[in-house]
Amino acid sequence: MSEGGLCEAGVAGAGLSPAYRMRVAFEGKVVAPYRDTYRGELGQAQVELLELLYMRGTMRQHELAIELRTSKQHVSKMTGRLEQVGYVARSVDDADARGHVVALSDAGRAYVDRHIVEGSKRARELYSHLSDAERRELDQAMLTVARLLEKA
């Protein structure tokens, strides 16, 4: 069977992994409206770094590298660029003077806040065809999935 045949059989089959189906649906219907608000301003990795700091607070550069699945050098370049535009502040790590900690600045927090508001507006527009009951059901389902994944 050709590679294309395997793909067609897999997609046509009902055996798709629930995690895969969730990723595809979430990427297109939940993540994309938020990511699209950043389009042309910052790269995806820079946005992920800002959002990670937004959610977690101050972090060590090596922790950011682990969470973002990238190198410490790449995190250093990204934080340097974000520091230049005023979205983050770096300082020497008190626990290890060889490293740095990174924090979101007030400007960085306001920047992410604006994109959350805009992304939420875009997401609501995507769901406008759903009934009120369906939107409440979707909101509850997303909160449940988020809560369970945050425990993992």
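Since this is a predicted model, take the numbers as computed values, not measurements. Just so you know, these numbers use all the heavy atoms, side chains as well, and skip hydrogens, waters and symmetry mates.
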Give the C-alpha distance, both sets of side-chain angles, the deciding distance and a yes or no for side chain to side chain contact (heavy atoms under 4.5 Å, CB included) between Tyr127 and Val30.
-> CA-CA 10 Å; Tyr127 311 142; Val30 177; 3.4 Å; yes
The single option from Leu149, Leu148, Leu143 that satisfies side-chain contact (heavy atoms from CB on, under 4.5 Å) with Val145 is Leu149
Are the side chains of Glu67 and Glu48 in touch, meaning some heavy atoms are under 4.5 Å apart?
-> no
Whether Thr144 side chain and Gln140 backbone form a donor-acceptor pair below 3.5 Å | yes
Closest heavy-atom contact between Ser76 and Arg90?
-> O-NH1, 3.3 Å
Please round to the nearest 0.5 Å and tell me the distance separating atom OG1 of Thr79 and atom NE2 of His74.
-> 10.0 Å
Note, Lys121 side chain near Arg124 side chain (heavy atom, < 4.5 Å) = yes
Measuring from Glu27:CD to Arg35:CZ, what's the distance to the nearest 0.5 Å?
-> 7.5 Å
Do the side chains of Met55 and Ile66 join up, straight or via other hydrophobic residues, at under 4.5 Å, putting them in one cluster?
-> no
Take Val112 and Tyr38 through the test side chain to side chain contact (heavy atoms under 4.5 Å, CB included) and record every step on the way to the result.
-> CA-CA 9 Å; Val112 175; Tyr38 293 99; 3.9 Å; yes
Rounded to the nearest 0.5 Å, what's the gap from CG on Asp93 to CE on Met59? Could you check?
-> 12.0 Å
Which side-chain N or O atoms in residues 96-105 pair as donor and acceptor under 3.5 Å with protein atoms at least two apart or in another chain?
from   : atom 1 : to     : atom 2 : distance (Å)
Asp96  : OD1    : Arg98  : N      : 3.1
Asp96  : OD1    : Arg98  : NE     : 3.0
Asp96  : OD2    : Arg98  : NH2    : 3.2
Ser105 : OG     : Gly86  : O      : 2.5
Ser105 : OG     : Tyr87  : O      : 3.1
Ser105 : OG     : Ala107 : N      : 3.4
Ser105 : OG     : Gly108 : N      : 3.0

Find the distance between CG (Leu50) and CG (Leu82) and round it off to the nearest 0.5 Å.
-> 5.0 Å
Using the rule that two of Ile, Leu, Val, Met, Phe, Trp, Tyr join whenever any of their side-chain heavy atoms come within less than 4.5 Å, decide whether Val75 and Val85 are in one cluster.
-> yes
Heavy-atom check, side chain of Pro33 versus side chain of Glu125, under 4.5 Å | no
Would you check if Asp36 and Arg39 make a side-chain contact, meaning some heavy-atom pair closer than 4.5 Å?
-> yes
Could you tell me whether the side chain of Tyr111 reaches within less than 4.5 Å of the side chain of Leu42, counting heavy atoms only?
-> yes
Under the criterion side-chain contact (heavy atoms from CB on, under 4.5 Å), which of Met78, Glu63, Gln46 is the partner of Leu68?
-> Met78
Hphob cluster co-occupancy, Leu53 + Ile116, side-chain heavy atoms under 4.5 angstrom | yes
Single-linkage hydrophobic cluster Leu126~Met22, side-chain heavy atoms < 4.5 angstrom | yes
Please report the C-alpha distance between Arg136 and Asp132 in whole Å, then the side-chain angles of each, then the deciding distance to 0.1 Å, and finally whether the side chain to side chain contact (heavy atoms under 4.5 Å, CB included) criterion is met.
-> CA-CA 6 Å; Arg136 284 191 302 275; Asp132 287 343; 3.6 Å; yes
What heavy-atom pair brings Tyr34 and Ser120 nearest, and what distance separates the two atoms?
-> OH-OG, 2.9 Å
Using the side chain to side chain contact (heavy atoms under 4.5 Å, CB included) rule, take Arg109 and Tyr54 through it: C-alpha gap first, then chi angles, then the decisive distance, then the call.
-> CA-CA 7 Å; Arg109 180 162 297 284; Tyr54 186 90; 3.3 Å; yes
Is Val117 reachable from Met142 through a run of hydrophobic residues whose side-chain heavy atoms are each under 4.5 Å from the next?
-> no
